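The structure displayed is predicted, hence computed values, not measured ones.
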Amino acid sequence: QAQLVQSGGGSVQAGGSLRLSCIVSGYPYSMHYMAWFRQAPGSERQGLASIKSVDYTDYTYYADSVKGRFTISADNAKNTLYLQMNNLRPEDTGMYYCAAEGRSEGGTWYLFGGIGFGYWGQGTQVTVSS
């Protein structure tokens with residue numbers, strides 16, 4: 001069974017940077033899409049960035065709201081997904097989740113970039129103050 005364990009996050013002032021990590025186990029990590037989502041209070045969970053590594057090439061996709069500021073990357077040897085967040089804004093505040101492609105029975109499922117994500121990390125809070 002897929003397990004996604006997140007670390008990183010915290011509080012930062014606007015313009016600052018943070019990096020999130022997500023260690024993946026029990027899942028064919030290198031064969032599927034991985035992604036990061038954000039959920040602000042009272043809002044739906046939104047996709048931010050996705051990645052799939054094929055033959056040593058990373059295919060990435062970003063939401064317009066984070067393009068040029070956030071970078072998704074993966075270390076396949078460590079089964080670890082990263083999200084580097086630069087030039088953070090107060091509107092980036094929310095709970096961040098790493099996600100893996102697929103659908104788990106009875107679990108939450110969201111589409112991003114035409115791909116469905118149904119395996120989730122535990123979430124980590126990011127707070128950006130002005």
Distance, nearest 0.5 Å, that separates CZ of F117 from SG of C98: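 Answer for the CZ-SG pair, F117 versus C98, is 11.0 Å.
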
Distance (rounded to the nearest 0.5 Å) between H32 NE2 and I51 CD1: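 Taking NE2 in H32 and CD1 in I51, the distance rounds to 15.0 Å.
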
By ring pair (Phe, Tyr, Trp, His ring centres under 6.0 Å) - contacts of Y96 (at least two apart):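 Expected list: none.
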
Residues clustering with W109 (ILVMFWY side chains joined when closer than 4.5 Å, directly or via others):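 Grouped by the 4.5 Å side-chain rule, L111 form the rest of the cluster around W109.
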
Mind checking side chain to side chain donor-acceptor pair (under 3.5 Å) for [X] and listing every partner two or more places apart, or none if nothing turns up?
X	answer
Q125	T127
Y119	none
Q46	none

Can you pull the disulfide (SG to SG under 2.5 Å) pairs that have at least one residue in [range], sequence neighbours excluded?
range	value
residues 51-87	none
residues 24-56	none
residues 99-130	none

Least distance between heavy atoms, S50 atom then Y33 atom: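 Shortest heavy-atom separation between S50 and Y33 comes out as OG-CD2, 4.4 Å.
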
Heavy-atom closest contact (A14 atom, P90 atom, distance):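 Nearest heavy atoms, A14 then P90: CB-CD, 4.1 Å.
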
Pairs satisfying salt bridge (Lys or Arg N to Asp or Glu O under 4.0 Å), at least one member in residues 54-65, at least two apart: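 As it turns out, the salt bridge (Lys or Arg N to Asp or Glu O under 4.0 Å) pairs with a partner in residues 54-65, which skip direct neighbours, are D64-K67.
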
Residues which pass salt bridge (Lys or Arg N to Asp or Glu O under 4.0 Å) with R69, listed by chain and number, not counting sequence neighbours: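 R69 satisfies salt bridge (Lys or Arg N to Asp or Glu O under 4.0 Å) with D92 only.
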
Aromatic Y97 / basic R38 pairing, under 6.0 angstrom, 45° off normal: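 So R38 doesn't make the cation-pi contact.
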
Sub-3.5 Å donor-acceptor pair from the side chain of [X] to the main-chain atoms of [Y], do we have one?
X	Y	value
W120	G107	no
T80	D75	no
S65	A63	no
Q84	I72	no

Residue pairs passing the ring pair (Phe, Tyr, Trp, His ring centres under 6.0 Å) test where at least one lies in residues 43-80, sequence neighbours excluded: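 Sorted result for residues 43-80: Y61-F112.
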
Side chain to side chain, M85 and W36, heavy atoms closer than 4.5 Å: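 Not in contact.
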
Student check: side-chain heavy atoms of M34 and L4 closer than 4.5 Å: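 They are in contact (side-chain heavy atoms under 4.5 Å apart), so the answer is yes.
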
Anything under 3.5 Å between a donor and an acceptor, one on a side chain of residues 17-28, the other on a protein residue two or more places apart or in another chain? List them.
| unit_1 | atom_1 | unit_2 | atom_2 | d |
| --- | --- | --- | --- | --- |
| S17 | OG | N86 | OD1 | 2.9 |
| Y27 | OH | E101 | N | 3.3 |
| Y27 | OH | E101 | O | 2.6 |

Verdict with supporting geometry, M95 and F37, side chain to side chain contact (heavy atoms under 4.5 Å, CB included): CA-CA 8 Å; M95 189 69 76; F37 283 71; over 6 Å; no

